[in-house]
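Everything quoted here is computed from the prediction, not taken from an experiment.
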Amino acid sequence: MFQWLYDVLWLLAPIWIRRYLDKRSGSAPAYRAHRDERFGKPYPNPVTGAVWIHAVSVGETRAAQPLIRELRRRFPDAPLLMTQMTPTGRETAQVLFPDAQCRYLPYDKKTWVRQFLREHRPMFGILMETEIWPNLMRECRRAGVPLFLANARLSEKSLNGYLKVRCLIRPAAASLTGCLAQTEADAARLAKLGAASVQVCGNTKYDLMPSEQMKTLAGQFKKRIGGRPVAVCGSTRVYRGEDEAEKLLAAWQQYRGDALLVVVPRHPEHFQTAFETAKRFGFKVQRRSDGLPVEPDTQVWIGDSMGELYAYYLCADVAFVGGSLVDSGCQNIIEPLSCGVPTIFGFSTYNFSEACRHALASGAAVQVESADAWREAVEKTLSSEGGGMQMQARVDGFIAQHRGAGTRIAEAVWEAVCGHRGR
């Protein structure tokens with residue numbers, strides 16, 4: 001019954017999805033490009049027999065790097081196919097994997113999924129993190145394509161939502177060749193959902209390290225900034241009408257030190273808003289894109305660039321992770337920690353709950369409940385009595401303790417695929 005209803009909905013959904021994309025393209029014109037790929041249009045010169053990785057957006061695409069590195073060691077002759085759902089994810093994949101074929105994954109209408117699989121005939125597929133597409137999962141099993149959910153995570157809230165349509169989701173989850181979870185808690189929830197062959201492999205985001213390119217760029221940023229302390233607010237969000245950057249900037253009005261506040265919005269459509277908000281609060285503000293040295297009396301620097309977050313964090317003496325002082329679940333706290341930076345995050349952490357819990361327990365991070373508390377935590381960390389150097393040492397130990405997920409996931413995939421071929 002649920003499967004029939006799901007397929008009927010996909011007869012109607014494209015109308016509404018096209019309208020949604022039209023609306024998104026008003027503020028983000030990149031949504032206009034390659035639209036037909038999402039709706040089943042045949043892809044020109046599709047790569048076949050590939051290692052296929054589906055990573056929704058920027059974070060998942062970056063998280064795939066350590067895994068892809070390990071998979072290439074095990075499948076050296078296979079081409080790479082990368083699929084995404086967002087323009088920023090696609091752009092990131094093209095930069096990180098220039099030899100890969102990058103395209104949008106079609107929406108989950110059965111005929112579009114079948115065509116995608118016929119065109120590409122992938123060796124196997126890996127869905128990064130929390131991507132549950134019932135028709136895609138079923139059709140991969142039908143076509144004999146091993147499919148894995150890797151770096152898999154599932155919150156209690158998401159589990160409860162999926163269980164409301166368990167008759168649709170359980171058969172799809174059971175059709176997976178393997179489910180490689182980040183934590184024991186994720187594994188238990190995914191097993192409850194009906195996922196097959198669940199095992200805990202960890203989180204590949206701990207394996208990520210800043211590239212030499214990011215280190216070079218960070219050096220350029222430091223030269224522009226000078227010798228001042230730097231507090232970075234990375235991936236700030238606008239969520240359900242709440243502007244996180246505005247909250248942080250309002251709190252920063254009470255700051256009386258000489259640190260430079262760097263605000264890096266999560267989405268490019270919010271760059272200008274952050275700049276105008278800083279001006280409205282009376283700050284002297286500059287943009288990263290102006291290419292000029294940061295003046296000694298500049299108080300706020302807007303990071304209006306994509307794909308450079310590691311470089312901003314490498315400049316930081318203390319970092320705040322966005323999406324946590326609005327209830328959007330927190331962005332990736334592992335990124336600043338992997339740069340050796342003492343890290344602060346807010347009350348909303350459900351996307352990285354396990355990482356946040358462990359970081360707090362190890363003393364590598366601080367949690368706050370408000371923007372004012374964030375400012376106080378920044379001041380304490382930057383002060384000599386705040387123990388910033390001790391905290392940095394705890395950060396380094398925390399990251400080292402959690403590395404190795406890319407290798408474990410790749411090994412599990414290798415064993416399952418080789419076993420699949422042998423049958």
Side-chain angles (χ1 to χ4, degrees), residues 217-218 220-238 242-268 270-306 308-326 330-331 333 335-337 339 341-346 365-383 386 388 391-392:
L217 183 59
Q220 296 170 7
F221 285 174
K222 288 179 180 179
K223 187 174 180 180
R224 288 174 66 177
I225 293 168
R228 299 163 60 186
V230 176
V232 171
C233 296
S235 296
T236 60
R237 296 286 303 272
V238 176
E242 288 190 278
D243 188 337
E244 191 170 36
E246 184 175 25
K247 292 173 181 283
L248 296 164
L249 287 163
W252 198 247
Q253 289 179 298
Q254 304 303 315
Y255 178 70
R256 296 294 178 262
D258 66 340
L260 177 69
L261 180 65
V262 181
V263 178
V264 188
R266 174 69 173 171
H267 298 114
H270 298 135
F271 292 161
Q272 181 64 23
T273 303
F275 179 81
E276 291 174 354
T277 301
K279 288 184 68 176
R280 174 162 53 86
F281 282 133
F283 293 114
K284 181 173 180 182
V285 56
Q286 289 182 243
R287 309 173 196 259
R288 177 259 188 270
S289 59
D290 66 19
L292 300 172
V294 178
E295 298 293 335
D297 59 343
T298 292
Q299 298 158 292
V300 177
W301 200 42
I302 303 298
D304 57 347
S305 60
M306 294 296 296
E308 298 180 350
L309 192 56
Y310 270 118
Y312 291 111
Y313 282 143
L314 285 167
C315 293
D317 296 284
V318 59
F320 169 78
V321 179
S324 62
L325 281 179
V326 293
C330 197
Q331 297 304 129
I333 73 155
E335 287 177 334
L337 291 170
C339 294
V341 181
T343 298
I344 303 168
F345 54 84
V366 173
Q367 187 171 26
V368 297
E369 294 297 318
S370 69
D372 285 326
W374 155 77
R375 175 184 49 77
E376 292 170 3
V378 169
E379 291 173 343
K380 181 178 179 181
T381 304
L382 294 179
S383 68
M391 191 173 179
Q392 186 172 351

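Across all their heavy atoms, Arg228 and Thr298 have their closest contact at NH2-O, 2.8 Å. The shortest non-hydrogen separation linking Pro342 to Thr381 is CB-CG2, 4.1 Å. For Ala365 against Phe345, the heavy-atom pair with the smallest separation is CB-CE2, 3.7 Å. The shortest heavy-atom contact between Ser305 and Tyr312 is OG-OH, 2.7 Å. Closest of all the heavy-atom pairs between Val232 and Ala316 is CG2-CB, 3.6 Å. Heavy atoms only, all atoms of each residue included: Gln286 and Glu295 are closest at OE1-N, 2.9 Å.
Distance check, rounded to the nearest 0.5 Å: CG of Leu325 to CD1 of Ile344 gives 10.0 Å. Note that the CD atom of Glu308 and the CD atom of Gln220 stand 9.0 Å from one another [nearest 0.5 Å]. Taking CG of Leu337 as the start and OG1 of Thr343 as the end, the distance is 4.0 Å to the nearest 0.5 Å. Within the model, atoms NZ of Lys223 and SG of Cys315 stand 13.5 Å from one another, a figure rounded to the nearest 0.5 Å. To the nearest 0.5 angstrom, Asp297 atom CG is 3.5 Å from Lys284 atom NZ. A distance of 9.5 Å separates CG of Leu314 from CG of Leu309, quoted to the nearest 0.5 Å.
Heavy-atom contacts from other residues, nucleotides or ligands closer than 6.0 Å to NZ of Lys279 number 12 or fewer.
A donor-acceptor contact shorter than 3.5 Å links the side chain of Ser324 to the backbone of Gly346. Without hydrogens or angle criteria, Asp304 side chain to Phe271 main chain gives no donor-acceptor distance under 3.5 Å. Proximity of a side-chain donor or acceptor of Glu244 to a complementary backbone N or O of Val238 within less than 3.5 Å is not detected. With Asp317 contributing its side chain and Val230 its backbone, the two residues share a donor-acceptor pair below 3.5 Å.
Within the 4.5 Å cutoff, side-chain heavy atoms of Trp301 are placed close to those of Ile225. The side-chain heavy atoms of Val366 and Lys380, taken from C-beta on, include no pair separated by under 4.5 Å. Counting heavy atoms from C-beta outward, Tyr313 and Val321 have side chains that approach closer than 4.5 Å. In this structure, the side chains of Val326 and Lys247 come closer than 4.5 Å at one or more pairs of heavy atoms.
For Arg288 and Phe221, the positive end is not near the middle of the six-membered ring at less than 6.0 Å and at most 45° from its axis.
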Using residues 254-268 as the side-chain source, report each donor-acceptor pair under 3.5 Å to any protein atom, sequence neighbours left out, with the distance given to one decimal.
from	atom 1	to	atom 2	distance (Å)
Tyr255	OH	Asp258	N	3.4
Tyr255	OH	Ala259	N	3.1
Arg256	NH1	Gln253	O	2.7

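The ring-ring contact (aromatic ring centres under 6.0 Å, His included) search around Phe281 returns none, not counting sequence neighbours.
Trp374 and Trp252 have tilted rings, their planes meeting at an angle from 30° to 60° on a 0 to 90° scale.
Residues Glu379 and Arg375 are paired through a salt bridge, judged by an N-O separation under 4.0 Å between the basic side chain and the carboxylate.
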